[in-house]
Amino acid sequence: MHRTTNNRTQKRSCKLDEHADSLWNIMAPMSKDHREALKRALKELCEDLQYDEVRVHLLSKDILTESDDQVIQSKVTTVDKASELVAILRTKGDSAFDALVEAVQENQDFLAESLKKHEENVRNNVPPEAEDEAEEGVEGIRPEQIVNPDDPITDKDLNEIASRLGHGWRKVGICLGLKKHQIDACEADNPHTQHDKAFGMLNKWKRKAKKEATRGAIVTALMKVPVDPEAYDFLLIAQH
């Protein structure tokens with residue numbers, strides 16, 4: 001009987017120790033490297049992060065409190081929600097950075113890769129301006145290289161893009177700001193071919209974006225995923 005009581009006490013003590021460690025990881029100040037990585041990723045997160053896609057994960061990991069969630073939810077735009085989330089996460093421990101990477105990995109993996117890249121660059125003492133130069137070198141496409149970038153995208157253009165996306169169409173939808181349930185609906189409504197699913201998704205984005213559904217906007221989104229440049233090269237000015 002005495003031994004059983006001791007075993008229960010030891011198990012309870014272990015659980016308390018684990019809980020204390022977890023609380024310390026969250027409450028301890030975030031490292032300078034992770035704060036800087038979040039700062040560098042702020043523009044990308046504000047442009048592309050969908051808070052509804054990450055909130056459950058961050059709440060379940062005790063990274064965000066109910067109070068934090070209410071503050072973020074009170075913001076009207078997706079940009080403001082993302083900005084507020086980053087501001088809150090920077091006050092948490094290093095586990096908050098890791099949890100954010102985990103949260104975006106499933107549905108917005110391009111953001112996860114971006115966060116990891118910023119983290120690596122900070123640790124390797126790569127200055128922000130060098131990151132910007134590297135990004136420009138990789139993308140290498142400026143607005144003036146797009147044929148009529150401000151023109152509305154046409155169904156003919158979208159059909160051409162859809163024919164070239166293949167299995168990457170879901171990532172493109174996320175990058176365009178569609179939510180997971182909207183992308184799932186595109187798949188359910190178009191069960192036969194990848195082209196039909198992709199075309200349905202692109203049309204849903206076009207209806208949602210309205211005047212912002214331009215040739216330039218679609219090229220910018222396709223470069224972020226990224227997809228094979230053949231998916232959008234017909235929208236670019238031929239280089240000689």
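- Interatomic distance, Thr214 OG1 to Ile153 CD1, rounded to the nearest 0.5 Å: 7.5 Å.
- More than 12 heavy atoms of other residues, nucleotides or ligands shown are found within 6.0 angstrom of NE2 on His181.
- Gly200 and Asn190 get closest at one heavy-atom pair: CA-ND2, 4.2 Å.
- You'll find the side chain of Gln70 stays beyond 4.5 Å of the side chain of Thr65, heavy atoms only.
- Remark: Arg35 CZ to Thr91 OG1 distance equals 10.5 Å, nearest 0.5 Å.
- Arg215 places no side-chain N or O within donor-acceptor distance of the main-chain N or O of Ile146, the cut-off being under 3.5 Å.
- Salt-bridge annotation for Lys92 and Asp68: present, with a side-chain N of the basic residue lying under 4.0 Å from a carboxylate O of the acidic one.
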With side chain to side chain contact (heavy atoms under 4.5 Å, CB included) as the criterion, how do Leu85 and Leu58 come out once you've worked through the C-alpha distance, each side chain's angles and the decisive distance to 0.1 Å? CA-CA 10 Å; Leu85 172 63; Leu58 296 176; 3.9 Å; yes
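- Residue Cys46 comes nearest to Ala82 through the heavy atom pair CA-CB, 3.8 Å, listed as atom of the first residue, atom of the second, then distance.
- Nearest heavy-atom pair across Ala231 and Leu222 is O-CD1, 4.3 Å.
- Of all non-hydrogen atoms in Ala217 and Trp205, the two that sit nearest each other are CB-CZ2, 4.2 Å.
- Side-chain contact between Asn159 and Leu202 is absent, with no heavy atoms from C-beta onward closer than 4.5 Å.
- Residues Gly173 and Ile183 share a closest heavy-atom pair of C-CD1, 3.8 Å.
- Two residues are said to be in side-chain contact when any heavy atoms from C-beta on lie closer than 4.5 Å; Arg123 and Glu120 fail this criterion.
- Using a 4.5 Å cut-off between side-chain heavy atoms of Ile, Leu, Val, Met, Phe, Trp and Tyr, with links allowed through other members, Leu111 and Val79 fall into different hydrophobic clusters.
- At distances below 3.5 Å, at least one donor-acceptor pair connects side-chain atoms of Lys208 with backbone N or O atoms of Gly177.
- Taking a cutoff of 4.0 Å between a charged side-chain nitrogen and a carboxylate oxygen, Arg164 and Asp233 qualify as a salt bridge.
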Evaluate the salt bridge (charged side-chain N to carboxylate O under 4.0 Å, His left out) criterion for residues Asp184 and Arg170: first the C-alpha distance (whole Å), next the side-chain angles of each, then the deciding distance (0.1 Å), finally the verdict. CA-CA 9 Å; Asp184 290 342; Arg170 292 183 67 92; 2.7 Å; yes
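- Considering CG of Leu158 and CE of Met201, their distance stands at 9.0 Å, rounded to 0.5 Å.
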Go through Ile161 and Leu235 one step at a time and tell me if the side chain to side chain contact (heavy atoms under 4.5 Å, CB included) criterion holds. CA-CA 10 Å; Ile161 294 170; Leu235 295 172; 4.2 Å; yes
Verify side chain to side chain contact (heavy atoms under 4.5 Å, CB included) between Leu38 and Met30, making sure each step is shown before the conclusion. CA-CA 11 Å; Leu38 280 176; Met30 180 177 282; 3.8 Å; yes
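- Using a 4.5 Å cut-off on side-chain heavy atoms (C-beta onward), Phe234 and Val147 make no contact.
- Here the SG-CG distance, from Cys186 to Leu178, works out to 6.5 Å after rounding to the nearest 0.5 Å.
- Side-chain polar atoms of Tyr51 and Asp80 form no donor-acceptor pair below 3.5 angstrom.
- With contacts defined as side-chain heavy-atom distances shorter than 4.5 Å, the pair Glu119/Val101 does not qualify.
- You'll find the side chain of Asn121 reaches within 4.5 Å of the side chain of Arg40, heavy atoms only.
- For the pair Arg207/Asn203, a side-chain contact is recorded, criterion being any heavy-atom separation below 4.5 Å from C-beta on.
- With Asp33 contributing its side chain and Val122 its backbone, the two residues share no donor-acceptor pair below 3.5 Å.
- Rounded to the nearest 0.5 angstrom, Ile218 CD1 and Lys206 NZ are separated by 11.0 Å.
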Side chain to side chain contact (heavy atoms under 4.5 Å, CB included) evaluation trace for Gln73 with Lys81: CA-CA 7 Å; Gln73 293 279 39; Lys81 287 181 180 180; 3.7 Å; yes
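- Lys117 and Glu113 are not joined by a salt bridge, as no carboxylate oxygen comes within less than 4.0 angstrom of a charged side-chain nitrogen.
- Neither Val56 nor Ile72 shares a network with the other; the hydrophobic side chains, linked directly or stepwise wherever heavy atoms of I, L, V, M, F, W or Y lie under 4.5 Å apart, form separate groups for each.
- Ser163 places a side-chain heavy atom less than 4.5 Å from the side chain of His195.
- Heavy-atom minimum distance, Leu64 versus Ile88: CD2-CG2, 3.9 Å.
- Taking CG of Leu42 as the reference point, atom CZ of Arg90 lies at 8.5 Å (rounded to 0.5 Å).
- Grouping the Ile, Leu, Val, Met, Phe, Trp and Tyr side chains by contacts below 4.5 angstrom, directly or via other members, places Leu49 apart from Val71.
- Lys156 has no carboxylate O lying under 4.0 Å from a charged side-chain N of Glu160, or vice versa, which leaves the two without a salt bridge.
- Judged by distance alone, the side chain of Gln182 and the main-chain N or O of Lys179 form a donor-acceptor pair under 3.5 Å.
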